[in-house]
Amino acid sequence: MVDTLAPLDDADLRRWRACARRFWLHRQAASEDAAPAPAEPTDADVVHGPALDAALRASFPAGVALPAPRTEADWDQAIARTHTALTDATPETEGWALLGACLASDDGARARIDLVTRGPHGWRLFKLRYATVGTEADVDAVALWAHVAARSGLRVQSVGLLLVDTGFIYPGHGCYAGLLREVDLGPTLGSRPVGHWLTAMQACARAPEPAVPLGAPCTQPGPCEQLAHCGLPEAPAHPGDARARLEIVGRELAAQLRADGHADLHSVPLDALPDARLRRAARAVQQNAPVLEPQAAPLLRALPYPRHFLRFETIGFAVPVWAGTRPYQVLPFQWSCDTLAAPGQPPEHHGFLADARGDPRRAFAQSLLQALGNDDGPVLAYNAGFERNRLRELAALFEDLGPALLALAERIVDLFQIARAHYYHPAMAGSWSAKSVFAAIAPDLGAEHFDCEGLHTPLEAFARALQPGLPADEREQLRAALLAHGQRQTTALRRMVALFEQSPERETPP
């Protein structure tokens, strides 16, 4: 009997494998022409860089791409075009591939396959991921694709993933051959009974609404788009909850405290906590006020002037754009610095932001040394190991700049270590990240946030600014947002030091 349900695809399979109720609710919404659910996370959420198309063309120079179908008529046309393209393909065409091949099976499933190419003994199917490893959901999707392809009459030789090879070094000039490595998934498909899954999914779609299952991943890795339909009881939501959760002191200790009858940190005796840092956090929560230990002030007052407050921004492209770099290599593209020449004087701001004219690392290093290398004043950074490691990498790359860069690295003072040892604000909610501390100490600055035209991180904005053909006004808007963000962050560092230098009126007990 021909199934009258709308065809099932790998997105349906992902939902069903996570939670049958989620799958059922999504299918009901789709059948009622409801608003579409939010898109699933994809590789588009990764900073790829502006060379994705060039990287794929290097591996498959004769590739043919089919547009993504949006309607049922589009699907019919795409399936027909897929069969025509596969019939016309010849083994002699080097680098041929069909991108976005669309197929449907006779048991109610369909697939849009990232890449199909021809092997000596049949068709080779690949899921393309600009990542270093695949996921279980990737394997499920490929298993479904292989099932649909076989039921469509294709002789499938192999199936697998195309992943980024982190050992690849980009030689420049658009030469990306070797960036993508093949991972064979054939040996794992025996554990994926796709035919049985499709039968179970079709039965689920026809059945009454499933109950909320125990242990469903309703909020992991992010909130389910159907969460509102499940009517789950919400946790009490008074303002102190997130700030007082037991997990602030660590999961294992939180479990022990919960077993002892504590619901949050408000009732936990300080002497039940094993170290001063955790006792400080609990004390701040219980008095609903920040705790600053008096030992912080002399550490900072001892630092001479001029003082430099430094922040770096870095990026790691999945597809490298600068010759001599690797996929995901951490590359600095922006530095921001406020310099205080003496107490009470206004700060002088310096900075560097790379443009689209090539590898910025030498210009980054030279400009930094020009601004900071002519004196021996302390350089204050947050989580300074990050900045030190970038300076050491630059020193290894540029021998002539190496001594000066290493000397600069030695001058860095780590504000993270001082904050972790001497400060806690309830708004930090257990996190000593720069974002959490900036939000607690200087909420008016907004230094913990970045937002420009829907881009939410400096990495996204910089990658967007590198795109060829971007209108000049949009590029300048992105650059202005990046420069302003850097200045907000260095201002937050100065606020932090000014706060920590204050002497508490009285010492609080340990």
Side-chain angles (χ1 to χ4, degrees), residues 276-277 280 290-314 330 332 334-352 364-365 367-395 401-425 428 431-442 445 447-448 486-504:
R277 180 175 61 86
R280 185 181 312 113
V291 173
L292 174 61
E293 306 290 3
Q295 296 88 345
L299 292 174
L300 290 165
R301 288 173 183 165
L303 296 175
Y305 287 83
R307 295 176 177 180
H308 309 282
F309 300 81
L310 182 66
R311 289 289 286 175
F312 284 0
E313 292 292 349
T314 62
V330 179
Q334 180 182 7
W335 64 262
S336 306
C337 181
D338 279 356
T339 294
L340 288 178
Q345 290 193 6
E348 182 179 358
H349 186 76
H350 309 274
F352 170 86
F364 179 102
S367 61
L368 186 62
L369 290 176
Q370 184 176 3
L372 304 184
N374 296 324
D375 63 63
D376 56 358
V379 178
L380 293 89
Y382 198 84
N383 196 12
F386 180 77
E387 280 82 4
R388 287 194 192 107
N389 286 338
R390 303 294 79 76
L391 291 172
R392 290 165 184 159
E393 290 162 359
L394 291 169
L401 305 179
L405 290 167
L406 293 176
L408 180 59
E410 292 301 316
R411 292 162 49 194
I412 294 180
V413 177
D414 193 352
L415 295 176
F416 166 75
Q417 298 295 340
I418 296 175
R420 198 169 188 269
H422 302 292
Y423 181 76
Y424 190 83
H425 191 296
M428 291 159 58
S431 170
W432 275 265
S433 71
K435 286 185 176 182
S436 297
V437 176
F438 288 170
I441 287 176
L445 288 179
E448 72 278 14
Q487 193 155 13
R488 288 195 300 272
Q489 294 216 320
T490 54
T491 302
L493 289 178
R494 289 191 288 107
R495 291 261 194 104
M496 184 186 308
V497 170
L499 173 65
F500 288 1
E501 281 187 308
Q502 297 173 5
S503 293

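Here the structure is a predicted model, which means the values were calculated and not measured. This chain uses plain numbering: 1 for the first residue, then up along the sequence.
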Enquirer: With no hydrogens and no angle check, is any side-chain donor or acceptor of Glu448 less than 3.5 Å from a backbone partner on Ser436?
Expert: no
Enquirer: With side-chain hydrogen bond (donor to acceptor under 3.5 Å, both in side chains) as the test, pick out the partner of Thr339 among Glu348, His349, His308.
Expert: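 The side-chain hydrogen bond (donor to acceptor under 3.5 Å, both in side chains) with Thr339 is passed solely by His308 among Glu348, His349, His308.
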Enquirer: For a 4.5 angstrom cut-off between non-hydrogen side-chain atoms, does Arg307 reach Leu380?
Expert: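 SC-SC contact between Arg307 and Leu380 confirmed.
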Enquirer: Can you tell me if Gln345 has over 12 outside heavy atoms packed within less than 6.0 Å of its CD?
Expert: yes
Enquirer: Given the rule in the side-chain contact (heavy atoms from CB on, under 4.5 Å) test, do Met496 and Phe438 qualify, once you have shown the distances and angles that lead to the verdict?
Expert: CA-CA 8 Å; Met496 184 186 308; Phe438 288 170; 3.6 Å; yes
Enquirer: What residues form a ring pair (Phe, Tyr, Trp, His ring centres under 6.0 Å) with Tyr424, not counting sequence neighbours?
Expert: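 Residues passing ring pair (Phe, Tyr, Trp, His ring centres under 6.0 Å) with Tyr424: Trp432.
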Enquirer: To the closest 0.5 Å, what do you measure between CD1 (Ile412) and CD (Glu410)?
Expert: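 These two atoms lie 9.0 Å from each other.
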Enquirer: Hey, are Glu393 and Arg390 close enough for a salt bridge, meaning a charged N less than 4.0 Å from a carboxylate O?
Expert: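 Yes, charged N to carboxylate O under 4.0 Å.
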Enquirer: Considering only heavy atoms from C-beta outward, does the side chain of Arg494 approach that of Pro347 to under 4.5 Å?
Expert: yes
Enquirer: Please determine whether side-chain contact (heavy atoms from CB on, under 4.5 Å) holds for the pair Leu303 and Val497, giving the CA-CA distance in whole Å, both sets of side-chain angles, and the decisive distance to 0.1 Å.
Expert: CA-CA 11 Å; Leu303 296 175; Val497 170; 6.0 Å; no
Enquirer: Determine whether Leu300 and Leu415 satisfy the following criterion, side-chain contact (heavy atoms from CB on, under 4.5 Å), listing intermediate values before the conclusion.
Expert: CA-CA 9 Å; Leu300 290 165; Leu415 295 176; 4.0 Å; yes
Enquirer: Quick one: are Tyr423 and Met428 in side-chain contact, heavy atoms under 4.5 Å?
Expert: yes
Enquirer: Please say whether more than 12 non-hydrogen atoms of neighbouring residues, nucleotides or ligands are located less than 6.0 Å from CG in Asn389.
Expert: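 Yes, because the 6.0 Å sphere around CG of Asn389 holds more than 12 heavy atoms from other groups.
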Enquirer: Side chains of Leu408 and Val379: closer than 4.5 Å at any heavy-atom pair?
Expert: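 Touching, per the 4.5 Å side-chain cut-off.
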Enquirer: Whether the side chain of Arg280 engages the backbone of Arg420 through a donor-acceptor N/O pair (distance < 3.5 Å, no angle test) should be reported.
Expert: yes
Enquirer: Here's a test for you: under ring pair (Phe, Tyr, Trp, His ring centres under 6.0 Å), which of Phe364, Trp335, Tyr382 qualifies with Phe312?
Expert: Phe364
Enquirer: Indicate yes or no for a side-chain donor-acceptor contact from Asn383 to the backbone of Phe416 under 3.5 Å, with no hydrogens or angles considered.
Expert: no
